[in-house]
Amino acid sequence: MKKGDHLFLVDGSGYIFRAYHALPPLTRKSDSLPVGAVSGFCNMLWKLMKDARNTDVGIVPTHFAVIFDHSSRNFRHDLYSEYKANRSAPPEDLIPQFGLIRQATRAFEVPCIEMEGFEADDLIATYARMAREAGGDTTIISSDKDLMQLVGPSVAMYDPMKDRQIGIPEVVEKWGVPPEKMIDLQALTGDSVDNVPGVPGIGPKTAAQLLEQFGDLDTLLARAGEIKQDKRRQTIIDNADKARVSRELVTLKADVPVSEGLDDFLLQPPNGPKLISFLKAMEFSSLTRRVAETTGTEAAEIEPATVVVQRKEEAHGPDLDIAAPAQASAPQTAAATTAAETPPATEAVSARAGDGLSPAALADTRAHAAVAEKIDTDRYVCIRDLRTLADWVAEATEAGVVAFDTETTSLDPMLAELCGFSLATRPGRAAYVPLIHKSGRGDLLGGGLVENQIAVRDALALLKPLLEDPSVLKVAQNMKYDLVIMNRYGIDIVSYDDTMLISYVLDAGANGGHGMDSLAERWLGHKTIAYKDVAGNGKAATTFDFVDIDKATRYAGEDADVTLRLWRVLKPRLAAKGLASVYERLERPLVPVLSQMEQRGISVDRQILSRLSGELAQGAAALEDEIYRLAGERFTIGSPKQLGDILFGKMGLPGGSKTKTGQWSTSAQVLEDLAASGHELPRKIVDWRQLTKLKSTYTDALPGYIHPETKRVHTNYAMAATSTGRLSSSEPNLQNIPIRTTEGRRIRTAFIADKGHKLVSADYSQIELRVLAHVADIPQLRQAFADGIDIHAMTASEMFGVPVQGMPSEVRRRAKAINFGIIYGISAFGLANQLSIAREEAGDYIRRYFERFPGIRDYMDGTKAFARENGYVETIFGRRAHYPEIRSSNPQVRSFNERAAINAPIQGSAADIIRRAMVRMEKALPEAGLNARMLLQVHDELIFEVPDAEVEATLPVVRTVMEGAAMPAVALKVPLQVEARAADNWDEAH
DNA sequence: ACAGAAGCTTA
DNA sequence: GTAAGCTTCTGTT
């Protein structure tokens, strides 16, 4: 085994009991042999091996083993005679299945490991340690809390029944302590199933709080006298010995003298005939079929295996003693075990280090303290020599956490020049390092460089080791910006937190933004120095390099100081609210990915745009002449007010709707209606608007974004801008490049691949409807997606009873509008508008839809109720979107919030899925030996630039990563489908 | 010089 | 009916 290898260890015994209890009983048809657990086990093993191969390029197992318990007694019984004393014999119909499951494991050609005198958990601990020492990663297939003590940077768990990954953040979320404290926690709480005593009256919550306060069990027992609550103090003092024994019992033994080595676990490709032979003997017909398909085996030609069924106890003796869903654990016999096993604390933990409270209580304490502490901007240090900077770097390294912020000449990180940077090592202690400040004013000749500034390259040479040190956590507000800047200066920041993203995960959609100024006001009760007060206002504004260094020190020092204080307040709230994994899996890992995408940019052909611009100008000019002629006068066509006066005043056309300011609306809808009733002018206006829109927004604006050096266009992705979890794109917005009209599409032809490359566009087909089918669990929708049927035609057919064959396009169009309406939180008013039909008719449609798909109504009502109750809704990955105004007494406001709340889990889950895909993609492509570069994201689409020769090899990787992106956290009830195409430009690739 | 409204582009 | 960003016009600062 070597670095990069990945070991899967299946807790076989644990799985048997869990499957037996969780799955419906199943017997073999021919002889009523109970096989429910065997079936569950085979399906799980197959899924694990197959899904890992197909869906998640990041976690393909290279090594695989199933571990079982063995023997009735082990060293734990010697430590504590009552260990597992209250176990009863396993149920009658489970007994024959123990042997069968071992046979199943062999049929899969997976090693089947057990050892006299040790529990499965000890073997798992031992192999996980061996894998770690060899540089590999381990995934333990189990959800047993006894195994959570093993979780660490290279060891994760995976719950096969809930399809959920359990890493450090999940352990912290569930138990309130990091994995390395699980042993102490279990020692306190005990375990009734295994008869581990623990301390009576101490449950997981209290245990976690005590461990927060005292750090570990020994300290707690030594200082138990300090506990405030009288009763609790006494029980802990009285039961200290029980706690110590319990700790021995629950500590897993990671030094079992195993006979098989990791190299014996090398994963073999499935042996189709052998496996099918066993499955046939079990009469698992659907799994037999699936295995036959995947392995390309002709199942009909294979004879069922001879399976030995032993109903007598001695035949399955090994498992007899583990009578409940594996709750076993092992003590620490020698010093060899746990101390060495303990993974380093996560940042989630270090954020709380030293404070003696549960995550929630700590979060509140920090919040209160933060407001009380005054911020003094006069105390910041200005660093002007290398010696002092070196001291600060040392101080930051020692502290292990440092807030970092850059000051630059531009908000656009691709154009910005670094003026200086600030650091903060603890609240109130911050420093600014000016680098290229100049005297005088920005314009004219200005002054020269201010004296006594460290040279940029010298300062960065000192800074680089700090920023690239994985053991020092860097905290920034909007780290992606600083990442792009520092990347451009040759520094790759690793190990960081982002206060903006933490706030976004906690409070997306809640009142108030996630900018530093509003966060400081909200959480610290501090009003920050306004940028315009240091750099000036409007026309008088200068870039930061012309800001007076004293002022700059106050401003930049404050940025770092405030960022660090915010982090101390906000970070503990993540764990307290169960949101650590959203932040750590959906937000933080996307930062470097987007940073790369922004830096790559995309090529835009200037010539195509300028030619197009000329054509649009000509077309618009011609239309203007005709418009003036038809109107009988010249006016500003782009002014809705003036246009309204012409159309509805002078010409006396019938006005349609009004805008909220009382003006006659001149919207495209109104003008289209007028055109339809035979008026010439409105049609011309609509056409004119289209041409001028394309010209001003795209053909004229885009060339201005071409970077002078890279010659490419670099958009900026905002990660914390939407309420649902979507990204947004700006300067320029590359998420709204035209596609609907043929004229508009021509703009897409200007987005081109580099020489020798192709653009690949890969988009999810109907992802939001698929998410809806999953969350609302609609049988017809699930079936239609499983069968690959035209979803809108199916809807139309269900609703109107029209057969799909030969369906009129208008019928399908209406069904499509309704499907979209559902996603948007449908209203009769909105649907009527969309389809230009009467509101009553739209209401009828909706009623009929709910009759056909009652699950949709249940989902909508359920979501509304949840949102009203909690003030937020959740995506399938646990991201929250807040709707504080959903309880408004204003019906308009309330309804709007209800629709948004219905939409958010759907739109947001889809956004989460593509985020996961992007994070994996950035790794998966190079790991597959490919040079494809991910450039853009447009909500359900990813655009890549791929060398010509690699296009064919890239497409399946892209598709596989995207289609499997929900796994393993969520097993969608509907398949995801991705369409990918390559071409020379974006128009043809899409 | 800025802010809001109106309108239009995307998913 | 959901989610965004950009441009133009217009009125206010």
Side-chain angles (χ1 to χ4, degrees), chain A residues 508-509 532 537-541 635-644 657-671 685-686 688-698 700-702 704-705 715-718 721-741 743-745 747-748 763-769 772 817-835 839 842 845-846 860 873 881 883 895-908 910-911 914 936-941 990:
Chain A
K532 66 178 198 301
N537 222 338
K539 211 179 159 189
F635 66 103
T636 307
I637 307 170
S639 162
K641 187 167 173 288
Q642 291 185 38
L643 177 62
S657 56
K658 294 240 178 123
T659 69
K660 61 180 166 190
T661 52
Q663 295 273 320
W664 283 111
S665 166
T666 65
S667 68
Q669 178 69 61
V670 170
L671 298 183
I685 303 283
V686 169
W688 179 88
R689 279 188 182 163
Q690 193 203 2
L691 299 188
T692 53
K693 172 78 177 178
L694 293 175
K695 182 169 186 294
S696 66
T697 308
Y698 303 103
D700 290 354
L702 279 172
Y705 286 102
T715 186
N716 177 34
Y717 287 106
T722 72
S723 52
T724 56
R726 272 193 181 178
L727 303 177
S728 78
S729 154
S730 64
E731 294 184 304
N733 180 354
L734 295 184
Q735 290 180 324
N736 72 347
I737 302 302
I739 190 165
R740 277 173 211 193
T741 66
E743 285 296 294
R745 289 184 82 120
I747 288 163
R748 290 202 168 213
D763 66 302
Y764 284 107
S765 158
Q766 310 280 15
I767 189 169
E768 294 194 349
L769 275 175
L772 174 70
I818 296 167
N819 275 334
F820 276 98
I822 294 296
I823 291 172
Y824 297 154
I826 204 152
S827 76
F829 179 84
L831 183 63
N833 263 339
Q834 177 67 30
L835 288 176
R839 203 182 321 180
Y845 284 179
I846 295 171
M860 291 184 156
V873 290
Y883 294 96
S895 300
F896 177 78
N897 277 272
E898 285 174 352
R899 290 194 296 272
I902 287 168
N903 173 255
I906 302 169
Q907 187 185 114
I914 199 166
L936 303 178
Q937 189 250 42
V938 192
H939 307 309
D940 64 359
E941 175 189 14
H990 186 83

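Numbers restart at 1 for each chain; the letters A, B, ... are given by sequence-line order, proteins then strands.
Residue contacts shown for A:N736 include a base, since a base heavy atom lies under 4.0 Å away. Among the atoms of the strands shown, only primed sugar atoms or phosphate atoms (P, OP1, OP2) are found under 4.0 Å from some heavy atom of A:A701. Among the atoms of the strands shown, none is found under 4.0 Å from any heavy atom of A:I902. Among the protein residues, A:Y698 comes within range of the sugar-phosphate backbone only, with heavy atoms under 4.0 Å from sugar or phosphate atoms but none that close to a base. If you check every strand for non-hydrogen atoms under 4.0 Å, A:I906 touches nothing. Across all strands, A:Q834 comes closer than 4.0 Å to base atoms (heavy-atom distances). Within the 4.0 angstrom heavy-atom criterion, base atoms lie near A:R740. Within the nucleic acid shown, A:I826 comes within 4.0 Å of at least one base atom, counting heavy atoms only. Base contact: A:A817 has a heavy atom under 4.0 Å from a base atom. A:Q642 comes within 4.0 angstrom of sugar-phosphate atoms only, judged by non-hydrogen atoms across all strands, and of no base. Contact annotation for A:G821: base contact, defined as any heavy-atom pair under 4.0 Å involving a base atom. A:A718 comes within 4.0 angstrom of no nucleic acid atom, judged by non-hydrogen atoms across all strands.
When the side-chain nitrogen and oxygen atoms of A:Q735 are compared with OP1 and OP2 of C:dC6, none of them lie within a distance under 4.0 Å. Between A:S895 and C:dG1 there is no side-chain N or O to OP1 or OP2 distance below 4.0 Å. Within the structure, every side-chain polar atom (N or O) of A:T697 is placed at least 4.0 Å from both OP1 and OP2 of C:dT7. Distances shorter than 4.0 Å separate none of the side-chain N or O atoms of A:R726 from OP1 or OP2 on C:dA3. Phosphate proximity of B:dC8 to A:T692: absent, as no side-chain N or O sits under 4.0 Å from OP1 or OP2. Between A:T659 and the phosphate of B:dA6, there is a side-chain N or O to OP1/OP2 separation shorter than 4.0 Å.
Put simply, CD1 on A:I767 is 15 Å from C1' on C:dT2, counting in whole angstrom units. When rounded to the nearest whole Å, the span between CD1 of A:I739 and C1' of B:dT9 equals 12 Å. One atom, CG of A:L702, and another, C1' of B:dT10, lie 14 Å apart when rounded to the nearest Å. Taking atom CH2 of A:W688 as the reference point, atom P of B:dG7 lies 13 Å away to the nearest angstrom. Look at CD on A:Q766: it is 12 Å from C1' on B:dA11, rounded to the nearest Å. The separation between A:K693 atom NZ and B:dT10 atom C1' is 10 Å, rounded to whole Å. Note: CD1 (A:I685) to P (B:dC8) measures 11 Å, nearest angstrom. If you measure from atom CD of A:Q907 to atom C1' of B:dA11, you get 8 Å, rounded to the nearest angstrom.
Between B:dA6, C:dG5, C:dA3, one nucleotide has an atom nearer to the side chain of A:T724 than all others, and that is C:dA3. Closest to the side chain of A:S696, from the set B:dG7, C:dT2, C:dT8, is C:dT8.
Annotation: the span from A:E768 atom CD to A:N819 atom CG amounts to 12.0 Å, rounded to 0.5 Å. The distance from atom OG1 of A:T724 to atom NE2 of A:H939, rounded to the nearest 0.5 Å, is 9.0 Å.
A donor-acceptor contact closer than 3.5 angstrom links the side chains of A:S729 and A:T715. A donor and an acceptor atom, one from each side chain of A:Q735 and A:S728, are nowhere located under 3.5 Å apart. Defined by atom type and a distance below 3.5 Å, a donor-acceptor pair is missing between the side-chain atoms of A:S827 and A:R839.
Using a 4.0 Å cut-off between charged nitrogen and carboxylate oxygen, A:R748 and A:E743 do not count as a salt-bridge pair.
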